[in-house]
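Chain letters run A, B, ... following the sequence lines, proteins first and then strands; every chain starts at 1. Everything quoted here is computed from the prediction, not taken from an experiment.
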Amino acid sequence: MVTIISTMETQVSNGPSGTSMPNGPVISTNGSTDDSKTNLIVNYLPQNMTQEEFKSLFGSIGEIESCKLVRDKITGQSLGYGFVNYVDPNDADKAINTLNGLKLQTKTIKVSYARPSSASIRDANLYVSGLPKTMSQKDMEQLFSQYGRIITSRILVDQVTAGISRGVGFIRFDKRNEAEEAIKGLNGQKPLGAAEPITVKFANNPSQKTGQALLTQLYQTAARRYTGPLHHQTQRFSVIPSLGKGPDPNNSSKPM
DNA sequence: TGTGAGCGT
């Protein structure tokens, strides 16, 4: 069977066995380059970090084969994450050990192995609401883990009373179909012992929070603000265009 | 209604 080849690769990934790694790209037995031990994804980078700063930070660990700070196609703004592919798997490992958790400005960066890029891992992020306030992040993970591998999870907390759950959170699965199954199985269901059912749906894509979505949001907030008597309606609408002429939206859209 | 923009030309 041909699949034995990949089995051998998996065994190698369990760790270097005393001998030092060759200095060069890892070539798997089928001849294609294997990035799984050299390619990293870096998340939660400060918004203002440049490609050059990104490269020099990770280049301080070892020789980089390639790296890229991911940016918005249209605006060119950093999306706050990037990829680093090292020449030597040992350096990738070292980067995780020394740079993961590093605090840069207000951020704490996360450094981990990148998964092979494919459509099946995209849009696997869920938004959950109606959670019991007593439910911890661990409880939530336990509830969702029956549907697949969880990559990240978070429960939002009240800013004022710092620490008290707002009953809403996010769960990112490894695969999109796992997220779909979790929606099917948990949306509208009551967790064990809970009084209210929870809502589980796909999270909004942050990139959609530009253009049209921002406009609708603007109109919605404007509409909510002016719930006075009907005869003031003409006055309300005269207010809305002036909201659009505010300061540069590119600059004011940072909630920090 | 909403995360610390999680898979890239």
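Contacts of A:Arg115 with the nucleic acid, taken as non-hydrogen atoms under 4.0 Å apart, include base atoms. Note on A:Ala203: a base of the nucleic acid sits closer than 4.0 angstrom, heavy atoms only.
Residues satisfying the ring pair (Phe, Tyr, Trp, His ring centres under 6.0 Å) test with A:Phe170, not counting sequence neighbours, are A:Tyr127.
Within a heavy-atom distance below 4.0 Å of DNA chain B, no residue of residues 173-191 of chain A is found. Using a 4.0 Å cutoff on non-hydrogen atoms, the parts of residues 135-157 of chain A near DNA chain B are A:Ile151, A:Thr152, A:Arg154, A:Leu156, ordered by number.
Comparing A:Leu102 and A:Pro116 along DNA chain B, the residue whose closest nucleotide (by nearest heavy atom) sits nearer the 5' end is A:Leu102. Nearer the 5' end of DNA chain B, as judged by each residue's closest nucleotide, is the contact made by A:Tyr127, out of A:Tyr127 and A:Leu45.
Listed for the A:Gln137 side chain is no donor-acceptor partner under 3.5 Å among the backbone atoms of A:Ile155. The backbone N or O of A:Asp93 sits nowhere less than 3.5 Å from a side-chain atom of A:Tyr86 that would complete a donor-acceptor pair. With hydrogens and angles ignored, the 3.5 Å screen pairs a side-chain donor or acceptor of A:Arg176 with a backbone N or O of A:Asp123. Looking only at distances, a side-chain donor or acceptor of A:Asp139 sits under 3.5 Å from a matching main-chain atom of A:Ser136.
One interatomic measurement links the two molecules: CD1 of A:Ile41 to C1' of B:dC7, which rounds to 5 Å at whole-angstrom precision. For A:Asn43 and B:dT3, the CG to C1' distance is 12 Å, given to the nearest whole Å. Between the C1' atom of B:dT1 and the CG atom of A:Leu126 lies a distance of 16 Å, rounded to the nearest Å. The CG-C1' distance, from A:Asp72 to B:dT9, rounds to 13 Å in whole Å. Distance CD (A:Gln51) to P (B:dG8): 16 Å, rounded to an integer number of Å. Remark: C1' of B:dG8 and CG of A:Asp123 are 14 Å apart, rounded to the nearest angstrom.
Side-chain atoms of A:Lys201 come within donor-acceptor range of the base of B:dG2, with a qualifying N/O pair under 3.5 Å. No hydrogens or angles were tested; on distance alone, nothing pairs the side chain of A:Asn85 with the base of B:dG8 as donor and acceptor under 3.5 Å.
Using a cut-off of 4.0 Å between Lys/Arg side-chain N and Asp/Glu carboxylate O, A:Lys184 and A:Glu180 are scored as not salt-bridged.
In this model, the phosphate group of B:dC7 is approached by a side-chain N or O of A:Arg172 to a distance below 4.0 Å at OP1 or OP2. For the pair A:Lys107 and B:dA5, the criterion of a side-chain N or O lying under 4.0 Å from OP1 or OP2 is met.
Here A:Tyr81 does not lie in a stacked arrangement on the base of B:dA5, lacking the combination of planes under 30° and ring centres under 5.5 Å apart. B:dG2 has no base stacking with the ring of A:Phe170 when judged by centroids under 5.5 angstrom apart and an interplanar angle below 30°.
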